[in-house]
Asks: 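This is the structure, below, for whatever I ask next.
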Amino acid sequence: METWRVIATVLLAAAGLPLMLVLMAKARDRTNNSATVAVTGAVAFVVLLLLGVVMLTVLPGVLTWGVAGLVVAALGVMMLAS
């Protein structure tokens, strides 16, 4: 496994976990329903996990760094918007 893949995946996890918490907080604000918050968190976690596995194994370099950059940008925008 290449080092750049590991670095990109760690960057994805470092930005993805706070993004998951922001998504859960937004779901709580909109619905005020704990079941919806739990489902949002579970879906976000599974998507993040699958994306990390795909990035570590088969995704090309440009796409891997693009996905990592997109998640970091999304976290920045959501943190500034809230």
Side-chain angles (χ1 to χ4, degrees):
M1 192 170 310
E2 297 92 352
T3 305
W4 62 267
R5 286 188 182 274
V6 174
I7 293 171
T9 306
V10 167
L11 180 65
L12 173 79
L17 291 176
L19 182 62
M20 181 180 70
L21 295 175
V22 169
L23 290 173
M24 290 173 68
K26 289 204 177 280
R28 185 193 64 220
D29 290 343
R30 289 189 179 160
T31 64
N32 204 12
N33 184 0
S34 61
T36 304
V37 174
V39 168
T40 301
V43 168
F45 182 74
V46 168
V47 167
L48 188 63
L49 187 68
L50 291 175
L51 196 56
V53 168
V54 169
M55 284 174 64
L56 277 174
T57 56
V58 296
L59 218 55
V62 173
L63 215 52
T64 297
W65 286 107
V67 167
L70 185 69
V71 170
V72 168
L75 175 65
V77 168
M78 295 203 67
M79 292 299 285
L80 288 173
S82 63

Asks: To the nearest 0.5 Å, how far apart are OG1 in Thr64 and CG in Leu11?
Replies: 11.5 Å
Asks: Hey, quick one: are Met79 and Val77 part of the same hydrophobic cluster, counting side-chain heavy atoms closer than 4.5 Å, chains of contacts allowed?
Replies: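 In one cluster with Met79: Val77, no.
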Asks: Take a 6.0 Å sphere around CG of Asn32 and say whether it holds more than 12 heavy atoms from other residues, nucleotides or ligands.
Replies: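 No, the 6.0 Å shell around CG holds no more than 12 heavy atoms from other groups.
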Asks: Please report the closest heavy-atom contact between Trp4 and Leu59, naming both atoms and the distance.
Replies: CH2-O, 4.4 Å
Asks: Let me check something: do Leu56 and Val10 share a hydrophobic cluster, defined by ILVMFWY side-chain heavy atoms less than 4.5 Å apart, either directly or through other members?
Replies: yes
Asks: Please check if Val71 and Val58 belong to a single hydrophobic cluster, counting links between Ile, Leu, Val, Met, Phe, Trp and Tyr side chain heavy atoms closer than 4.5 Å.
Replies: yes
Asks: From Thr31 OG1 over to Lys26 NZ, what is the distance, rounded to the nearest 0.5 angstrom?
Replies: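 These two atoms lie 13.0 Å from each other.
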Asks: Out of Val37, Thr36, Val43, which one pairs with Val39 under the side-chain contact (heavy atoms from CB on, under 4.5 Å) rule?
Replies: Val43
Asks: Quick one: closest heavy-atom pair of Met20 and Ala44, and the distance?
Replies: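 It is CG-CB, 3.6 Å.
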Asks: What distance do Thr40 atom OG1 and Leu21 atom CG have between them, rounded to the nearest 0.5 Å?
Replies: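 Interatomic distance, Thr40 OG1 to Leu21 CG, rounded to 0.5 Å: 12.0 Å.
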Asks: Atom CG in Leu12, atom CG in Leu75: separation rounded to 0.5 Å?
Replies: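 Spacing of CG (Leu12) from CG (Leu75) equals 11.0 Å.
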Asks: Hydrophobic cluster membership, with links at side-chain heavy-atom distances under 4.5 Å among I/L/V/M/F/W/Y: are Leu17 and Val6 in one?
Replies: no
Asks: Do side-chain atoms of Arg5 reach the backbone of Met55 as a donor and acceptor pair under 3.5 angstrom?
Replies: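 It does hold such a pair.
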Asks: Could you see if Val54 belongs to whatever hydrophobic cluster contains Val72? Use Ile, Leu, Val, Met, Phe, Trp, Tyr and a side-chain cutoff under 4.5 Å.
Replies: no
Asks: CH2/Trp65 to CD1/Ile7 distance, rounded to the nearest 0.5 angstrom?
Replies: 6.0 Å
Asks: The test is side-chain contact (heavy atoms from CB on, under 4.5 Å); show your working for Met78 and Leu23 and say whether it passes.
Replies: CA-CA 9 Å; Met78 295 203 67; Leu23 290 173; 3.8 Å; yes
Asks: Indicate the atoms forming the closest heavy-atom contact of Ala68 with Ala8, along with that distance.
Replies: CB-O, 4.0 Å
Asks: Looking at every heavy atom in both Ala15 and Pro18, which two are closest together, and how far apart are they?
Replies: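 The answer is O-CD, 3.5 Å.
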